[in-house]
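First, the structure itself, so that you have it in front of you.
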Amino acid sequence: MPGDARPKKKTIRMIPQARTPAHEQDPAARACNFDEVNLGYLVEDAQLEAERCLMCPEQPCVAGCPVGVAIPDFIQRITARDYRGAYDVITSTNLLPAVCGRVCPQESQCEGSCTVGDTLEPVAIGRLERWVGDLAIRERWSNVPYIQPSGFKVGIVGSGPAGMACAADMAKAGCEVTVFEAFHEPGGVLKYGIPDFRLPNKVVDAEIVKLEALGIRFECNTLVGRLFTIEQMVEEMGFHAVFVGTGAGYPSFMGIPGESLNGVLSANELLTRCNLMHAREFPDYDTPMQPGRRVVVIGAGNTAMDALRVSLRLGAESVRCLYRRSRAEAPARAEEIHHAEEEGIEFHWLASPVELLDDGKRNVRAVRCIRMTLGEPDASGRRRPVPEAGSEFEIEADMVVYAIGTNANPIIGQTSKLKLDPRGYIATDATLATSIPGVFAGGDIVTGAATVIEAMGAGRRAARAMKAFLGLRDTDHVYRDDAAEPGSRPFGIERAERGFARIRVPR
Amino acid sequence: MDQARGAGYEVVARQDFSDVTFLLEVRHPLLARAARPGQFVIVMASEHGERIPLTIADYDRERGTVTLVIQAVGKTTLEMQRNCRVGTRLVALVGPMGVPSHIGQARKVLCVGGGLGVAPVYPQARGYKESGAYVIGILGFRNRDLVFWEDKFRATCDELIVCTDDGSAGIKGLVTEGIRLAVARHRDIDECVAIGPPVMMKGCAEATRGSGIRTIVSLNPVMVDGTGMCGGCRVKVGDAVKFACVDGPDFDGHLVDFDDLMFRLQRYRETERAATERFNENCRMRSLAAQPVVAE
């Protein structure tokens, strides 16, 4: 019918069947450099992949996203070649598309619930998001809204993803926001933890510049708790509200014999030395790193994958991963395990260390391991690993890296009266308010180690509660006239306003 | 952007105690206000520098400064000795880190400093004096040329014993000799604070073990962030593993596994030596290049 602008409903047969692959560095080449592995999409790849979205009415992907990005909406704008529009849609809910497109575990979030995924491979939402985010950095787009100063001062403790997200929302609400960071550079785990081949530090810096454009001040070299306390921020320094997002960076060890041998370290130490302190560029940078020749990493989360792949790039001859459960239970992103395997990392599933052996000079020589089998599911819903008697074996190693999780950072707990939960994390209510009025907390310091996007989601939830606490209007709901689909204004009335009656007051 | 993140921390005074030991007084009013005895800072001297932990040797809340005493032993400290003049700036100075020392109800206290450890034991001596305790200072140096702050301690302590390895100042012998003298003279010492090289702190802990004097030591393991994040500074204390940066740096000297600490401190010895040699060689080349060419 001529004149009918409504697009025909797409079906699963009409869309490109195969997922558009991202361009990647060759495994052999990339194992020797710290350049990004996933090179992302070109514009034609993004166009092709955007075609694969069915624009289904249920939109399960939006529900699957911890911050609720309007995914079909931004994909539709890519199809319409309105790239700036796509960026605007994403950034109205997610502040850091270039970061999240790279590090979110999409397979268990948006892509995991994609309708296309029921039949074919799901739409590559993460790659599309990243493409939009990278384009925005290249084109220097940033959305600085008109900000009406509210007169409130907000302090943010920690400049990681939770702190950044909270800071952005509060700045948009007109608050004067200062972010305190203990390291000499802002960015938190995005800087010290995630290596450049997965998330280049320059991408993080580009996103931080955008935050500074919102008027946010970053104060580095500031150890809150010790330089001044949370209580002092509220009582003496004039902060009307405070957000604590200090993360869960206190690394765990297992408590098995030999853990204090030289050559045994936490993944945090390895990654911080290598990423933030540039130890791989020693002696141009002063921080030393003694790369192992035969490296064993314990754990199979994203941090473990990073540690494995960093060790490989530092020139290790063999890099092995030890995990007490099987591949199916490994908490890392599927793409990371896949990339690690491609690069030649050896995986030893169902094996757990029992002792680290000494070479006689207090250096680690080998890891004694035991084989595991999977038993009944435990509290986490994953099958519990059970040691197999008499199955012990040794793996040679001159460097052993622990990536088995982290605990709450103790500094805020030591220095303030904030109520903690029994595990040492900050206790909050559902709105993320803590036991001190005006002080909110979110991210890993509340939930324990989680993902970047979950921390950002928490930062935004805390910001919402903070706005309510300060009596500010919730600026999350931006009225967007063009958000309505064609045909959504029956009789010229906005769908959102259907319930309202308009009356004309007689003069 | 740089301005918001701070343009560094100004060195306002410097004093050289010897060819290797020097003092820097750095302006940081907030830090001076927050610092307590026993705490430390992490310093980055340059953009490409490493983060090194230094115990706070003194702080002046009126002047808004903290004092650091540094021994030029490795590349970073040699470079600081060369470059940190009055008016220059440290790229990063963060702290105060660690749990402050507990200045309790002790009535008679030994404050023992060995070598560079003499500096950080000063705030403790002053803290105990202010809390009303009788303070006996014991300072150890290799020889008289290395002695510093003797007058400062004399003004604070009720008694002072200076020990030198060669006897060129004070009594001849190690600080443990000083401890033996003090313990023989005073039967009622409740506490001992010992700061210095690990082998010296180990000696002090052994010297007081028999007499049951509570002995606190301040540990200085390898650290990166100083905020509990890297775990590089883990030390064995009794049956537990502790992070010196957030659980310490003060621990019960009778429980610390010093041998473990000393082995772990050697982890980067090779790279440190290579970096120092490279630095010295560069300095030599630079000074050669700076010399005027002599005509034939």
Side-chain angles (χ1 to χ4, degrees), chain A residues 178 181-186 192 208-209 212 216-223 225-229 232 246-247 249-253 255 259-263 265-266 268-273 276-279 281-290 361-363 402 406-407 409-411 414, chain B residues 1 4-6 9 28 30-31 33-36 39 42 44-52 74-76 79 91-100 222 224-232 234-236 241 243 246-247 257 259-261 263-264 266-268 270-272 274-275 278-279:
Chain A
T178 310
E181 165 60 45
F183 266 126
H184 49 284
E185 284 179 30
Y192 75 74
I208 287 168
V209 167
E212 286 174 320
I216 297 168
R217 267 165 48 88
F218 285 89
E219 291 258 4
C220 294
N221 299 310
T222 308
L223 183 62
R226 294 272 171 218
L227 189 59
F228 46 81
T229 62
Q232 279 177 299
T246 49
Y250 191 96
S252 304
F253 291 87
E259 279 177 357
S260 69
L261 293 174
N262 280 331
L265 70 169
S266 72
N268 267 0
E269 180 174 353
L270 170 74
L271 295 172
T272 306
R273 281 181 185 272
L276 182 74
M277 304 309 297
H278 299 266
E281 289 159 67
F282 183 87
D284 279 347
Y285 283 79
D286 291 338
T287 303
M289 177 83 249
Q290 287 186 336
K361 293 185 219 136
R362 303 279 302 169
N363 298 308
Y402 274 81
T406 52
N407 293 311
N409 189 299
I411 293 176
Q414 286 170 341
Chain B
M1 193 155 94
R5 291 183 201 168
Y9 303 87
H28 194 324
L30 263 179
L31 183 56
R33 212 179 72 172
R36 300 279 180 279
Q39 292 187 301
I42 283 203
M44 251 175 102
S46 65
E47 294 287 349
H48 287 206
E50 59 182 331
R51 296 168 64 90
I52 57 165
K75 193 253 173 182
T76 298
E79 198 171 42
V91 165
L93 171 66
V94 54
M97 289 163 159
V99 181
V222 174
V224 183
D225 61 296
T227 62
M229 221 193 62
C230 76
R234 59 194 192 277
V235 288
K236 282 187 186 166
V241 172
F243 288 6
V246 289
D247 301 321
D257 183 341
D259 295 336
D260 185 69
L261 174 69
F263 276 117
R264 288 181 60 77
Q266 293 183 5
R267 169 71 172 148
Y268 291 98
E270 285 303 310
T271 36
E272 185 60 60
R278 200 176 305 110
F279 175 76

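Proteins come first, then strands; the chains are lettered A, B, ... in the order of their sequence lines, and each starts at number 1.
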Interface moiety of V235(B) toward chain A, non-hydrogen atoms closer than 4.5 Å: neither
So, D286(A) side chain and K75(B) main chain: donor-acceptor pair closer than 3.5 Å or not? no
Applying salt bridge (Lys or Arg N to Asp or Glu O under 4.0 Å) to D259(B) and not counting sequence neighbours gives K202(B)
Got a sec, which residues hit salt bridge (Lys or Arg N to Asp or Glu O under 4.0 Å) with E181(A), two or more places apart in sequence or on another chain? none
If you count heavy atoms of other groups shown closer than 6.0 angstrom to CZ of R278(B), is the number above 12? yes
Is the shortest side-chain heavy-atom distance between N221(A) and M44(B) below 4.5 Å? no
Quick one: what part of I52(B) sits under 4.5 Å from any heavy atom of chain A, side chain, backbone, both or neither? neither
Taking N262(A) for its side chain and F263(B) for its backbone only, find out whether a donor-acceptor pair lies under 3.5 Å. yes
Measure T76(B) against the heavy atoms of chain A and call it side chain, backbone, both or neither at under 4.5 Å. side chain
Parallel, tilted or perpendicular: which fits the ring planes of H48(B) and Y285(A), with parallel below 30° and perpendicular above 60°? parallel
Side-chain contact, heavy-atom cut-off 4.5 Å: M229(B) with Y192(A)? yes
Donor-acceptor pair, side chain of S266(A) and main chain of G231(B), under 3.5 angstrom: no
So what's closer than 4.5 Å to chain B heavy atoms on S260(A): side chain, backbone, both or neither? both
Kindly give the heavy-atom pair with the smallest separation between V246(B) and P410(A), and that separation in Å. CG2-CG, 3.8 Å
Might you point out which heavy atoms bring D225(B) and F183(A) nearest each other, and give the distance in Å? CB-CZ, 3.4 Å
Just so I know, are the side chains of H28(B) and L227(A) near enough to count as touching, which here means a heavy-atom distance under 4.5 Å? yes
P251(A) and G228(B): which non-hydrogen atoms are nearest, and at how many Å? CD-O, 3.5 Å
Looking only at heavy atoms, the pair that brings A34(B) and R226(A) closest together is CB-O, 3.5 Å
Spacing of CZ belonging to R234(B) relative to CG belonging to L265(A), to within rounding of 0.5 Å: 7.5 Å
If you count heavy-atom pairs under 4.5 Å with chain A, which of G232(B), P100(B), G98(B) comes out on top? G98(B)
When you compare the side chain of T222(A) with that of V94(B), does any pair of heavy atoms fall below 4.5 Å? no
Region of L261(A) in contact with chain B, defined by heavy-atom distances below 4.5 Å: backbone
Close side-chain approach of V224(B) to M277(A), heavy-atom, < 4.5 Å: yes
Under 4.5 Å from any heavy atom of chain A, what part of Q39(B) do you find: side chain, backbone, both or neither? side chain
Drop me the distance from R51(B)'s CZ to H184(A)'s NE2, to the nearest 0.5 angstrom. 6.0 Å
Between E259(A) and V241(B), is there a side-chain heavy-atom distance shorter than 4.5 Å? no
Enter the distance from K361(A):NZ to Q266(B):CD here, rounded to the nearest 0.5 Å. 12.0 Å
